[in-house]
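Single-structure report; data block below.
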Amino acid sequence: MPIPLDPAGSPSMKDYHSENRCTWCDGCGDYGIWTAVKQALVELKIPPHEVLMCFDVGCHGNMSDKLMGYRFHGLHGRVIPFAAGAKMANPKLPVLAFGGDGASFSEGIGHLVHGIRSQYPIVFILHNNGNYGLTTGQASSLTPTGQPMNTSPNGIPEQTLNSMDFVFSLEPTFVARAFSGDIAQLTQILKSAIGHRGFAFVDVLQACPSYNKFATHTMLMDRVYKVEDEGHDPTNKENARRIAIDTSKRISTGILYRNEEVPNFIERLVPRQNVKTTPVEEVVLQDVTKLMEEFV
Amino acid sequence: MPIPLDPAGSPSMKDYHSENRCTWCDGCGDYGIWTAVKQALVELKIPPHEVLMCFDVGCHGNMSDKLMGYRFHGLHGRVIPFAAGAKMANPKLPVLAFGGDGASFSEGIGHLVHGIRSQYPIVFILHNNGNYGLTTGQASSLTPTGQPMNTSPNGIPEQTLNSMDFVFSLEPTFVARAFSGDIAQLTQILKSAIGHRGFAFVDVLQACPSYNKFATHTMLMDRVYKVEDEGHDPTNKENARRIAIDTSKRISTGILYRNEEVPNFIERLVPRQNVKTTPVEEVVLQDVTKLMEEFV
Amino acid sequence: MVRTSLKIVGASGQGIDSIGEVVAKALKRAGYCVFGYREYPSLIKGGHASYQLDFSDEEIRSTETTVNIVIALNHHGLEINVPDLKVGGILIHSTESWKFPKEIETLIKERDLKIIEFPVEKILKEMKAKPILGNMLLTSFVWAILGQKADALKEMVRERFAKKKDVLDVNMLCIDTGTAEQKKHDDLHVPLPKSKKKWAEHLLITGSKAMGLGAVHAGVRLYAGYPMTPSSPLLSYIAGIQNETGMVIKQAEDEITAAQIVSGAMLMGTRALTATSGGGFDLMSETVSLNGIIENPSVFVLAQRPGPATGLPTWTGQGDLLMAIHTAHGEFARCVMAVSDSTDAFHLMNDAFTIAEEYQTPVIVLTDKQIAEALYTEAPYNQKKAKIKRGNLVTDPEKLKKLKSTDRYNPDAKDGISPRWLPGSLAATYAAQGDEHSADGTVDESSSNAIKQMDKRLRKMAALKAKLPEPLLYREANDKWLVASGIDTDLDVLLIGWGSTKPVVLDALQTFKPSNLQAAYLHYTYLWPIKTDFLQSLALKAKKIVVVEGNATSQLSMLLKQEGVRIDHEILKYDGRPFFVDELQRHIEETLSTAVSPRINSGANNRSS
Amino acid sequence: MVRTSLKIVGASGQGIDSIGEVVAKALKRAGYCVFGYREYPSLIKGGHASYQLDFSDEEIRSTETTVNIVIALNHHGLEINVPDLKVGGILIHSTESWKFPKEIETLIKERDLKIIEFPVEKILKEMKAKPILGNMLLTSFVWAILGQKADALKEMVRERFAKKKDVLDVNMLCIDTGTAEQKKHDDLHVPLPKSKKKWAEHLLITGSKAMGLGAVHAGVRLYAGYPMTPSSPLLSYIAGIQNETGMVIKQAEDEITAAQIVSGAMLMGTRALTATSGGGFDLMSETVSLNGIIENPSVFVLAQRPGPATGLPTWTGQGDLLMAIHTAHGEFARCVMAVSDSTDAFHLMNDAFTIAEEYQTPVIVLTDKQIAEALYTEAPYNQKKAKIKRGNLVTDPEKLKKLKSTDRYNPDAKDGISPRWLPGSLAATYAAQGDEHSADGTVDESSSNAIKQMDKRLRKMAALKAKLPEPLLYREANDKWLVASGIDTDLDVLLIGWGSTKPVVLDALQTFKPSNLQAAYLHYTYLWPIKTDFLQSLALKAKKIVVVEGNATSQLSMLLKQEGVRIDHEILKYDGRPFFVDELQRHIEETLSTAVSPRINSGANNRSS
Ligand SMILES: Cc1ncc(C[n+]2csc(CCOP(=O)(O)OP(=O)(O)O)c2C)c(N)n1
Ligand SMILES: Cc1ncc(C[n+]2csc(CCOP(=O)(O)OP(=O)(O)O)c2C)c(N)n1
Ligand code: SF4
Ligand code: SF4
Ligand SMILES: [Mg+2]
Ligand SMILES: [Mg+2]
């Protein structure tokens, strides 16, 4: 979706500043994501009143009152369809949705699947800390099998979900991976994601010093590399999928895959072709005289 | 799960016969599945009282009172966790779950995902008719994009889900595809599925003459081939995934993939190691004196 | 008032609905008021289904248990439906050499029934026409029996197949043949009263379609839904006209999604709608709660069918009233209203959105399978009535500039209704916060804040209650049952109902009229918050107070008793069928004669307890 | 009765809970009855949290708004908690050179408070100990202030670190140091009454853990859940002991899954449990309805917190009563009961399963965050009380052989309770059918069948209502509040409550005792179906009837009014906090003096309306 730039405004980080103090644990990766989101919006010259940020429930959701902009903090697992509905109502506004790995791969996994296959033109930022942070460290579907966690002292008996193979099976049009420790790279990814035509999936590996002892900040730091440094072509889907899935030695970050050729959900709606107004602008009494005719 | 064979009984098709008349449309693929299920159970010498069959809601769910055996007919989209819970309670009984493509890839897609990654030792039979039959022909996630359907006169704006790539991304241990028109093959597949150690995913391409005009009985008939005829090795996962996904020219049927090495959910439960009884048998007053000690 | 009725019976998928709809439309155009009622099992094909039309020159809005004509499309009709015929009734079938069992033969004699074998297949063969045309043959045959002119039917067919000359021609031939066949039976007549022109201009429309029209009229621009009977016809209708209305339609992956999509769309500022039935509503309930705390206007249509679980998925009931009122965790303002017929379904859509936007809170609109699928004859909808009212929605740029973030959830706002403005507005921003929050949506778990915000939200409920109209009183005036402002005499009986019971209660009262009986009907459109002042004033003058509703536990009674209202009798029905007018009439009479039995549980068997 | 109290305040994650739990356990072992109450925000670290202990030599089961000692682990405590101190109270902190604002200085004087800077960091540095040991230092310091022997503390530490000699040693050193520090302040004493040995043998246990024990005791062999405060502690506890109990534990992918898994497991024949809070319960409700129609015994724990939506996720409330009763579509038999403390939580687990299995229907057990996380001092649970009763479950091979498929849902079964047998039994098979069905689970949409089966299922409700005990009456006898069978005098006030209000109401009555006032408390454990005969008999003799509950709309009152019960006053609280004993006492007094105001909405501000 092209972004409506406010010609007057050149927002600064100050415009996104909230007086409310952050409440994440020391060293939490959410601080980095929080900064990068604001930075990306500022660099894109999007003022706070021209964006809707939708938060799921989880530690990341506590961002909802720690920055400015129109914000929504909803139910656990449900952020994607809410954000999609908002976007359908007013496609002119950029809509960002934030969710945890618990929310997105358990409670709300259906929404993730259908969000991707629906190609809603929204950005989805996955706060991937490999566990349920807010409820004090239970395993998520992305926690490694065998890792003892709250409520699973013997480690989970389920297989860890291979999230990237899963996501690629849904024919996504934008897949990126970032690391909460690299704010600059994440900022750039988010800028591209906001500019993407369809559903942008941004997986952020997020440190959680309180509960994630298996993929800590330092461990991640040691293993990430930037695909742009190695000349990865993000239009090469096969290659993208391969480097997305295989994290056995190193973890690829950056924009792994991007395809701007696929029309998004709104563009595909037959009745909305060539409609210039948004559904928000169309709320007026509609004359149904013609529609009544068939019943006479 | 090894199947408890009743040494005395050698059940016949008559034992599974119900006086209730089938109510599916003429030519419906559910007739074939219904016959194959009974046939498989009979051939495995499983008498009606030694099986639990769990049905989702949909046309296929109308099978629930058209055959004998312990049966359950539940909520739309929820059959997998119900069947899994039943199995956990009594791992000695074979448990079969039946669901439609609407149920399994929309309302209940999360359960399918987690059912596979949990490796519950149950059989899941997908009545894949490419639409919502019972609610009169709406598109499912597996209906081809662009196909006009009830409630989507212009065809659906979402991408069709590539179900096999999706399923393989979840690291399944048993994947088969059958066609409702080939009862003999389906019977054999079901027998293997019931004997499988973990979660057996059986995708049955099911004709629905009333609403599915894009993958009719004859069209399917023309395009299916049996992998066993072409020497496919079902332990070769890569190959299995390839022939499962690519249906552009021909449609592979048979047991595409099978792996008996992966322990199932129940086998993985640490506290249940070496427990000989089932939770059903363990419902007695438990002495909690020892557990109370820590609170004194 | 003369009622006439016919019933087409056969297997689902045999064309029952098409015959029913054609005859209904033709009758209406000929100047009769028609009420159409469908019964069908939860199967795609097969199973015994029926379409009954009750019609008259006067207003009619209910079904009788017996009919004048039965058209049996297969032999099941012969097995099952003979007892449905009134004395002198006609059964038309095409099953060769059918033999009735003895009891039925006796019944046929007793009731003086005419059994007509109409050899559809044979005639079609002679005409060399396709089987599908059998329906047109039958239609024109019945049409002639009703003494109607073939031209009226022809005109309808001409409209329909205007562009397909060959189809048109063969249909015309069928009409002539069917009409001619009737001539062969000279005593085969069911004469109708003189027609009235006004009905010809009326709409013949189901509640679902009227609701769809009402939604379009109310400026609803997005519809998200998931198929579930009896809410599916609304989805199908709205989706079917999408290319005309330009609406955004989303068939969601489940009900939670549909509820979330419309909530997001409402937050953004459009009008968006979803509908479902009980099971789907269970799933939506968490979202209803969410809209309660973020004060997001939202409208949920709950189309009832009998539960629990899948229950009777293609049948009707009113068993989800208390669920609609109390489901969804936590305490918050909500409005529950119920439509009673197609006209209501049309008008209450805008009303629901007005309340939702004025009180910034969820509104649940109850309907049921009866309303959703029955055909009502109604005057074209008045489009001058509705106004788009968006409550305290700020859109003026100057006013927007003055807003502070803390205005959004200002706990001191009058009646708890604080200003609302839309994302994208050039104004201070806020968080629509699902956690308990202070005025700008900041999470605030303090005791004082929790009390303030809970009070704020519940004050809206008090304000809404004050503003909602009292239930509607219907009294007889010049042989018609009309809305009245009060009563001047004591009442022998005060009937109370809600939803789809209204039309049948009024028809029952209209038909059944012991000259000296003083009766009135009180109809609850708005069920929560519930108002009982007017009712209490009536109760003082009513000898018997009788609640009539389609459920087993008398949920409206429970609500009313909670407010201290005296209830003397309950007439309940919970077999998946709507009340039938003659059955209800009998039950009302029973309550008048019974001194003690407080509850009449009614099935098709009319059991009393 | 002498009450003493202390409160540890600081940031979440600073060790508040560990100090609280150690002191509580040590006090109990020393012979005191302890009640522990936690407050914490919905954050992992940071945010202002507290752990309050109220203790006495007599039974104590509530919290007061003010305390004798505050231990502030950071400077926020100095900012916030000084007003929480009673006259003569002590505040212990370790913030160097802190300056209070003027008002607080005045307050400190007025109340004669002692502000003690206890230099934790400095001492630790001297000891070369890790920061975590600050908690042990503080604990022993407070311990000494309470006049308790260091040995008691040492013994606890020895138990805990038996296998870690070095950790043990440094902890011992801390205890000695902390004890010695107290000696430096010669007026720093909060003397306790003489201890009573019986408390030492009591359990000190949260409601969640008691419920877990109760479930294990009741033969629950499978637990499936999804984390959600305040139901998570039950999941964590049960999961934590899985290697001892051998239970099957499943952390499901969502609440729907958890509900379905336990339903499947119950159908198969084990006892299985799940728990959640309001939002998760919304999602489970469709499954509750399913179990209603398939007549599947099932138990759902609903741990309440204030809604709507996320609301106040780590706080308490009683706002989901009517939801528990009316949620889930369709009409069916269900039982709603509420636990009131840890003992209840233990015993009602088996009771819930007994009802579920005897009536073959869902049972909802209400608890709340207060019960889930408060520490109760209670006698070890009597394991002779419970019996496993499985109702009409057929397991005998001979009887099984005689069963017909149509026995399963035989509509004529006495009280609607038909035989149930398990999949795998050598018997005729049936379908547990979610569609309306006839006796063997065959889909049957006929009117007569629908009525029969609905009546069958609702007859169970009538039978259950007849069987359930009446609410418990508490009266004073020899200075104790005990269960009584009736009253012999007129009452000045009859208090009515449910759930977690019971302990605090009894404590308030115990403390507040105008000699001439005749008072009684009626406690509802079983809320649906609700019984009011006993209450009505009491009502005749009660001058004032006062409902006390933790919600804003007085849901129990609504239920009772529906049954025609007169309610004179409502004392309500809905700020996320439980009732505090002194606050409640004041409100009860208010209701006695007020002639008119029918509703007291109580926050920490004690507002009356
Ligand atoms: C319906 C529902 N179920 C459960 C919860 C409790 N809950 C809140 S956050 C959360 C999980 C958080 O995990 P994740 O999504 O990974 O976010 P994180 O806290 O790790 O950022 C859960 C289970 C809830 N709020 N609502
Ligand atoms: C919660 C809920 N939502 C919707 C429905 C309505 N419904 C019944 S079956 C069905 C879809 C059936 O499609 P599928 O699963 O593919 O089964 P099929 O009929 O094609 O075999 C739907 C939407 C329902 N019963 N429950
Ligand atoms: S628990 Fe983990 S994710 Fe949550 S705030 Fe703390 S570090 Fe961050
Ligand atoms: S609608 Fe399709 S799936 Fe359903 S019974 Fe008919 S043919 Fe079978
Ligand atoms: Mg997480
Ligand atoms: Mg299907």
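Here is the naming used below: chain letters follow the sequence lines, and residue numbers restart at 1 for every chain. Given the structure is predicted, the values throughout are model-derived calculations rather than measurements.
When all heavy atoms of D/Y237 and B/E294 are compared, the closest pair comes out as CE1-OE2, 3.8 Å. The two residues B/S64 and D/Q433 have their closest heavy-atom pair at OG-NE2, 3.0 Å. The shortest non-hydrogen separation linking D/V216 to B/Q286 is O-CG, 3.0 Å. In this structure, D/T429 and B/G69 approach most closely via the heavy-atom pair OG1-N, 3.0 Å. Listed here is the closest heavy atom pair of D/I249 and B/F265: O-CZ, 4.3 Å. Taking every heavy atom of both residues into account, B/D65 and D/G441 meet most closely at CB-O, 4.1 Å.
Neither the backbone nor the side chain of D/F353 comes within less than 4.5 Å of any heavy atom in chain B. With a 4.5 angstrom heavy-atom cutoff, B/V51 does not touch chain D via any of its atoms. D/E286 touches chain B through backbone and side chain together, each having a heavy atom under 4.5 Å away. Using a 4.5 Å cut-off between heavy atoms, B/N90 touches chain D through backbone and side chain atoms alike. Only the side chain of B/Y120 comes within contact range of chain D, judged by heavy atoms closer than 4.5 Å. When heavy atoms are compared at a cutoff of 4.5 Å, D/L422 approaches chain B by way of both its backbone and its side chain. Residue contact with chain B, scored on non-hydrogen atoms closer than 4.5 Å, involves the side chain of D/I294 exclusively. For a residue to count as touching a neighbouring chain, one of its non-hydrogen atoms must lie under 4.5 Å from one of that chain's; by this rule D/H202 touches chain B with the backbone only. Proximity to chain B (any heavy atom under 4.5 Å) is restricted, for D/M247, to the backbone atoms N, CA, C and O. For D/I241, the part lying near chain B is the side chain, with the backbone staying farther off; criterion is any non-hydrogen pair under 4.5 Å.
Among D/G219, D/G424, D/A200, the residue making the largest number of heavy-atom pairs under 4.5 Å with chain B is D/G424. Counting heavy-atom pairs under 4.5 Å between each of D/A427, D/A218, D/P380 and chain B puts D/A427 at the top. The choice from D/A252, D/A210, D/S425 that makes the most heavy-atom pairs within less than 4.5 Å of chain B is D/S425. When B/V79, B/V275, B/L291, B/N62 are compared by the number of non-hydrogen pairs under 4.5 Å with chain D, B/L291 comes out ahead. With respect to chain B, the highest number of heavy-atom pairs below 4.5 Å among D/G434, D/A272, D/G269, D/A224 belongs to D/G269. When the candidates D/N296, D/T442, D/T206 are compared by the number of heavy-atom contacts under 4.5 Å with chain B, D/T442 comes out ahead. Across B/G61, B/A86, B/A89, the residue that shares the most heavy-atom pairs under 4.5 angstrom with chain D is B/A86.
Other residues, nucleotides and ligands contribute at most 12 non-hydrogen atoms within 6.0 Å of the CD atom of D/E155. More than 12 heavy atoms of other residues, nucleotides or ligands shown are found within 6.0 angstrom of CD on B/Q273. Within 6.0 Å of CG in B/D26 there are 12 or fewer heavy atoms belonging to other residues, nucleotides or ligands.
Within the 4.5 Å cutoff, the side chain of D/F346 has heavy atoms near those of the B/V288 side chain. Between B/R272 and D/V248, the closest side-chain pair of non-hydrogen atoms falls below 4.5 Å. Residues D/T287 and B/F82 are not in side-chain contact: their nearest non-hydrogen atoms beyond the backbone lie 4.5 Å or more apart. In this structure, D/L203 and B/V296 have side chains that are in contact, with non-hydrogen atoms separated by less than 4.5 Å. In this structure, the side chains of D/L426 and B/E50 stay at 4.5 Å or more apart for every pair of heavy atoms. At least one side-chain heavy atom of D/H217 sits less than 4.5 Å from a side-chain heavy atom of B/L285.
With hydrogens and angles left out, the side-chain atoms of B/T289 and D/Q383 include a donor and acceptor closer than 3.5 Å.
Checked by atom type and distance alone, the side chain of B/R71 never pairs as donor or acceptor with a backbone atom of D/A432 at under 3.5 Å. No donor-acceptor distance shorter than 3.5 angstrom exists from the side chain of D/R221 to the backbone of B/V284, with no hydrogens or angles considered.
Going from atom CD of B/E282 over to atom OG1 of D/T245 covers 9.5 Å, rounded to the nearest 0.5 Å. Atoms CG and CD1, on B/L75 and D/I293 in that order, are 10.0 Å from each other to the nearest 0.5 Å. The structure places CD of D/E253 at 6.5 Å from OG of B/S118, a figure rounded to the nearest 0.5 Å. If you take OG on D/S263 and CZ on B/F72, they are separated by 7.5 Å, rounding to the nearest 0.5 Å.
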Item to complete: Please report the C-alpha distance between B/Y70 and D/M268 in whole Å, then the side-chain angles of each, then the deciding distance to 0.1 Å, and finally whether the side-chain contact (heavy atoms from CB on, under 4.5 Å) criterion is met.
Response: CA-CA 10 Å; B/Y70 288 104; D/M268 200 60 127; over 6 Å; no
Worksheet entry | side-chain contact (heavy atoms from CB on, under 4.5 Å) between B/R78 and D/L290, intermediate numbers included | CA-CA 11 Å; B/R78 313 299 173 196; D/L290 172 67; over 6 Å; no
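Scanning residues 254-261 of chain D against chain B with a 4.5 Å non-hydrogen threshold yields D/D254, D/I256, D/T257, D/Q260, D/I261, sorted by number.
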